[in-house]
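Here is the structure we will look at, set down as structure tokens.
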Amino acid sequence: MRGRVHIEFGGRDHSLLPTYEVAEQFEARHGGIVDHYEKLNNGSAPMQVRAYLILLALKQGEGGDKFTLQGVMKAMFEFGLWHGDLVRKENELIEGLIYTPEQLLAKKEEEKAAMKIASEALGVFSE
């Protein structure tokens, strides 16, 4: 099973669940997840598209229809559309959709190793 992504949204903690259904519904309406991932990270992903992806994952994670697209858009606006925490959570959700759990674990390990090398290099340059 793919891991949940926890997000504070509308003043409450919720979980986003990356499932096949989320990917299928999103891609049927808005095109490829990978293309959206690139747009999210270069700042060109439209609010409605971002909100739709979050809405689908909220419905899977919460098991109900507590949210509407308009409600998610409002919560995103109040959160700060391009707030770092929100984008990070969206990235985690998308990574959960496009990678297997094993691939995601390997990716995280590679990132951790790269960060260690970078911090060690910065330590050398700061002396």
Side-chain angles (χ1 to χ4, degrees):
M1 174 146 152
R2 296 183 185 270
R4 293 175 183 267
V5 175
H6 297 280
I7 186 171
E8 185 180 321
F9 215 62
R12 290 186 46 221
D13 287 328
H14 300 282
S15 65
L16 306 175
L17 190 58
T19 65
Y20 175 77
E21 290 79 12
V22 170
E24 184 179 47
Q25 289 179 47
F26 179 86
E27 290 190 335
R29 184 166 175 172
H30 293 291
I33 291 282
V34 173
D35 183 48
H36 177 69
Y37 184 70
E38 291 172 5
K39 288 178 180 173
L40 175 64
N41 287 296
N42 71 23
S44 67
M47 178 182 183
Q48 188 172 18
V49 177
R50 293 175 62 202
Y52 184 69
L53 181 61
I54 291 173
L55 174 66
L56 292 173
L58 278 168
K59 287 186 176 187
Q60 291 289 315
E62 298 293 318
D65 293 323
K66 300 176 185 177
F67 291 91
T68 63
L69 183 58
Q70 194 65 31
V72 173
M73 289 171 64
K74 182 176 185 278
M76 287 175 70
F77 184 78
E78 291 169 351
F79 195 93
L81 287 180
W82 293 99
H83 189 279
D85 288 343
L86 179 58
V87 172
R88 193 167 24 262
K89 295 297 184 178
E90 290 177 73
N91 275 331
E92 286 179 36
L93 170 62
I94 294 168
E95 288 172 348
L97 291 167
I98 62 179
Y99 297 112
T100 65
E102 296 79 16
Q103 290 170 327
L104 190 54
L105 182 60
K107 181 179 183 299
K108 298 291 181 191
E109 290 298 321
E110 288 172 12
E111 289 171 357
K112 189 190 303 184
M115 290 299 289
K116 182 178 180 188
I117 291 168
S119 66
E120 289 171 357
L122 287 174
V124 169
F125 291 121
S126 65
E127 295 176 358

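Residues passing the side-chain hydrogen bond (donor to acceptor under 3.5 Å, both in side chains) test with E8: none are found, sequence neighbours excluded. Taking F79 as the reference, H83, D85, L86 meet the side chain to side chain contact (heavy atoms under 4.5 Å, CB included) condition, with sequence neighbours excluded. Applying the salt bridge (Lys or Arg N to Asp or Glu O under 4.0 Å) criterion to E111, with sequence neighbours excluded, gives K107. For the salt bridge (Lys or Arg N to Asp or Glu O under 4.0 Å) test, no residue two or more places apart in sequence or in another chain qualifies with E38. For E27, there are no side-chain hydrogen bond (donor to acceptor under 3.5 Å, both in side chains) partners at least two apart in sequence or on another chain. By the side-chain hydrogen bond (donor to acceptor under 3.5 Å, both in side chains) test, Y52 pairs with no residue at all, sequence neighbours left out.
Under a 3.5 Å cut-off, the side chain of K39 and the backbone N or O of P46 do not form any donor-acceptor pair.
Annotation: side chain of L69 is in contact with side chain of Q48 (closest heavy-atom distance under 4.5 Å). Looking at L40 and W82, their side chains come closer than 4.5 Å, going by heavy atoms from C-beta outward. With a 4.5 Å cut-off on side-chain heavy atoms, I54 and L58 count as touching.
In this structure, F26 CZ and L93 CG are separated by 9.5 Å, a value rounded to the nearest 0.5 Å. From L97, atom CG reaches atom NE2 of H36 across 10.0 Å, with rounding to the nearest 0.5 Å.
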Could you go through residues 13-22 and list every donor-acceptor pair under 3.5 Å that involves a side-chain atom there, pairing it with any protein atom two or more places apart or in another chain?
unit_1, atom_1, unit_2, atom_2, d
H14, NE2, F9, O, 3.2
S15, OG, R4, NH1, 3.0
T19, OG1, E21, N, 3.4
T19, OG1, E21, OE1, 3.4
T19, OG1, V22, N, 3.3
T19, OG1, Q60, OE1, 3.3

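Across A51 and M73, no two heavy atoms sit closer than the pair CB-CG, 3.4 Å. Annotation for K66 and R12: closest pair NZ-NH2, 4.5 Å, computed over non-hydrogen atoms.
No salt bridge links K108 with E92; every basic N to acidic carboxylate O contact stays at or beyond 4.0 Å.
With hydrophobic clusters built from ILVMFWY side chains whose heavy atoms lie under 4.5 angstrom apart, L53 shares a cluster with I98. In terms of hydrophobic clustering, with Ile, Leu, Val, Met, Phe, Trp and Tyr side chains grouped at heavy-atom distances under 4.5 Å, M47 and L56 are assigned to a common cluster.
Environment of CD in Q103: crowded, with over 12 heavy atoms of neighbouring residues, nucleotides or ligands closer than 6.0 Å.
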Given R50 and V87, is the side-chain contact (heavy atoms from CB on, under 4.5 Å) satisfied, shown in steps? CA-CA 10 Å; R50 293 175 62 202; V87 172; 3.8 Å; yes
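E90 and Y37 share no donor-acceptor pair across their side chains, judged by distance under 3.5 Å alone.
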